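The block underneath contains the structure these notes are about, expressed in structure tokens.
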Number of protein chains: 2
Amino acid sequence: MNSFTEENYLKAIYKLSLNGVQGVSTNAIADKLATKPSSVTDMIKKLADKKLVSYQKYQGVNLTKKGSDVAVSIIRNHRLWEVFLVEKLNFKWDEVHDLAEELEHINTHKLTERLDEFLGFPKFDPHGDPIPDKDGNIIQHKDVTLSDLIRGEKAVVVGVKEHSKSYLNYLEQLQLVLGAEVEVKDIVEFDATMQILVNNKQVIISNQASKNLIVKKI
Amino acid sequence: MNSFTEENYLKAIYKLSLNGVQGVSTNAIADKLATKPSSVTDMIKKLADKKLVSYQKYQGVNLTKKGSDVAVSIIRNHRLWEVFLVEKLNFKWDEVHDLAEELEHINTHKLTERLDEFLGFPKFDPHGDPIPDKDGNIIQHKDVTLSDLIRGEKAVVVGVKEHSKSYLNYLEQLQLVLGAEVEVKDIVEFDATMQILVNNKQVIISNQASKNLIVKKI
DNA sequence: AATAAAATTTAGATTAATCTAAAAATATAA
DNA sequence: TTATATTTTTAGATTAATCTAAATTTTATT
Ligand SMILES: [Mn+2]
Ligand SMILES: [Mn+2]
Ligand SMILES: [Mn+2]
Ligand SMILES: [Mn+2]
């Protein structure tokens, strides 16, 4: 039906559209997929021919309903497989992304639904990202990050905006895993470096790190 | 490392070598993969460059140790995923082959080993085919088929040589599943059609069907 | 509004995998 | 041992996805 490559483009466009952008730019897609803008233009034309995106030269690209459905279904697969890998095969949360990138393209309705059932219809993946249900409905995070908090506020870690091994590994060392409670003790005015409390331990965390940690105030 | 296509060629050559053939022919590979002999020649050259097969023009092709290792590892993945689909996701034995054809190419050592462990180190897949262990050791069936039996002999079904949906479906209707006991009541001399007993029921089965059913005499 | 900078598209190549048609080598049969 | 048939390889095209370099369009800046 659609090639792996086409599916990856659709997913990238979907994610880049989440910030409310109207007309995702060629360069943004090229960046996200680590490819060249000229390659993106070629692929966009192909996706437009297949009615998966709407596109006018120089004006950026938008997913059609059809394209969005495909993207959401790939994301559903990805996140379900991540749950499987962590819950059933005991992988750590920093090891599953690349495997899920491959598994997500085995896009067979029956497999996805059976997997969902086997896993007990999970609502979130190991990184706190919401899993679309079988009709494609997805609850988006409100995206409050640790960096948004002010001195004295408390919150619970509910997700991450960055999925690199090094970031996830670092968070785990600091015990900043999903469900952890944090309290902001101090913020450096110059560069927004934070001093926080995690499990009664003082931790210093850069703005680079705190702005990628999604939290829920308590 | 190797593309899906290369892996499928290696697997095909491996399976065609099992009958003790020295030098698998271009046409045999083309048949198995439903492609053209000229395409096979091209791919063989590529695999030879990568030292995965040894090849001399017009003399057929053989896997090297390296090529054989890859093939066995793909087969291991394939069969483990089939067990997963049947045992954990409740698929039927006639539904899993095509899905496993895709899953087998996610060839990551750690994933395979974790899956094996999760499944309890199974020795056979849902079709009775042996699963290579993590060192690549594989116990080959002796390949006695129902059609080899004579009148009066009893046997247990232990595998199938043909994996098509229609064949597996048909077997299931006749209750000729793994573990079933059969007794040969009569054989038509003309075309080797068999009258057999399965669970106290009389069943008539063609030679075409009986020669693809692997059994163990009792 | 004119010019410079940035973003995007086009033109032309490349690589992997495939195909058809034709040529070459091997196997079979008279 | 020739002639015929079969198998295998080569030659030349095609399609998908990518790239570099050049041309075009849009955006930002004087
Ligand atoms: Mn991921
Ligand atoms: Mn995730
Ligand atoms: Mn199979
Ligand atoms: Mn099988």
Side-chain angles (χ1 to χ4, degrees), chain A residues 1-14 16-17 19 21-63 67 70-71 74 101-102 104-107, chain B residues 1-14 16-17 19 21-63 67 70-71 74 101-102 104-107:
Chain A
M1 186 71 174
N2 304 307
S3 68
F4 284 22
T5 311
E6 290 169 318
E7 290 179 349
N8 284 333
Y9 270 88
L10 293 173
K11 201 169 54 140
I13 297 165
Y14 178 87
L16 291 167
S17 301
N19 321 320
V21 186
Q22 253 301 305
V24 177
S25 80
T26 303
N27 270 0
I29 299 169
D31 266 18
K32 182 132 210 162
L33 294 176
T35 184
K36 301 293 167 185
S38 55
S39 306
V40 174
T41 302
D42 281 351
M43 179 55 77
I44 285 173
K45 286 178 182 168
K46 196 174 153 197
L47 295 175
D49 286 347
K50 295 177 83 170
K51 311 283 185 201
L52 292 162
V53 302
S54 61
Y55 166 65
Q56 280 173 257
K57 266 193 208 178
Y58 295 101
Q59 303 311 131
V61 68
N62 291 290
L63 292 178
V70 175
I74 303 299
E101 279 299 317
E102 303 197 51
E104 70 186 4
H105 299 291
I106 299 171
N107 196 16
Chain B
M1 186 70 177
N2 304 308
S3 69
F4 283 21
T5 309
E6 290 169 319
E7 289 179 349
N8 284 334
Y9 271 88
L10 294 173
K11 201 169 53 139
I13 298 165
Y14 178 86
L16 292 167
S17 301
N19 321 320
V21 187
Q22 254 301 304
V24 177
S25 80
T26 303
N27 271 0
I29 299 169
D31 267 16
K32 183 131 209 163
L33 295 176
T35 184
K36 301 294 166 185
S38 55
S39 305
V40 174
T41 303
D42 281 351
M43 180 55 78
I44 286 173
K45 286 179 182 169
K46 196 173 153 197
L47 295 174
D49 285 348
K50 296 176 83 169
K51 312 280 184 204
L52 292 162
V53 302
S54 60
Y55 166 65
Q56 281 174 257
K57 264 195 211 177
Y58 296 101
Q59 302 313 132
V61 67
N62 290 290
L63 292 177
V70 175
I74 303 298
E101 279 299 316
E102 302 197 52
E104 69 186 4
H105 298 291
I106 299 170
N107 198 14

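These numbers come from the heavy atoms of this one structure, side chains and all, not from hydrogens, waters or symmetry mates. What you are looking at is a predicted structure, and each value in this text was computed from that prediction instead of being measured. Throughout, protein chains are lettered first and strands after them, A, B, ... in sequence-line order, and every chain is numbered starting at 1.
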| task | For the pair Phe4(B) and Phe4(A), name the ring-plane relationship: parallel under 30°, tilted 30 to 60°, perpendicular over 60°. | result | perpendicular
| What integer distance in Å separates Met43(A):CE from dT10(C):P? | 16 Å
| message | What's Tyr9(B) touching, base or sugar-phosphate or nothing? Going by heavy atoms closer than 4.0 Å. | response | sugar-phosphate
| task | Write down the atom of Ile13(B), the atom of Val24(B), and the distance for their closest heavy-atom approach. | result | O-CG2, 4.0 Å
| request: Show the numbers, then the answer: is there a side chain to side chain contact (heavy atoms under 4.5 Å, CB included) between Met43(B) and Ile29(B)? | output: CA-CA 11 Å; Met43(B) 180 55 78; Ile29(B) 299 169; over 6 Å; no
| When every nucleotide of nucleotides 9-15 of chain D is labelled 5' to 3' by its protein contacts under 4.0 Å (heavy atoms), B for base, S for sugar-phosphate only, - for none, what sequence of letters results? | BB-----
| said: Give me the atom names and distance for the closest heavy-atom approach of Asn107(A) to Ile74(A). | reply: ND2-CD1, 3.5 Å
| query | When you check the phosphate oxygens OP1 and OP2 of dC19(D), does a side-chain N or O of Thr35(A) lie under 4.0 Å from one of them? | reply | yes
| request: Please collect all side-chain hydrogen bond (donor to acceptor under 3.5 Å, both in side chains) contacts where either partner lies in residues 21-41 of chain A, sequence neighbours excluded, each pair once. | output: none
| request: Round to the nearest Å and state the distance from Asn8(A) atom CG to dA16(D) atom P. | output: 18 Å
| request: Send over the distance from Asn27(A) CG to dT27(D) C1', rounded to a whole Å. | output: 13 Å
| request: Could you tell me the separation between the CG atom of Asn2(A) and the P atom of dA16(D), rounded to a whole number of Å? | output: 13 Å
| Stepwise side chain to side chain contact (heavy atoms under 4.5 Å, CB included) test for Leu10(A) and Val53(A) | CA-CA 8 Å; Leu10(A) 293 173; Val53(A) 302; 4.2 Å; yes
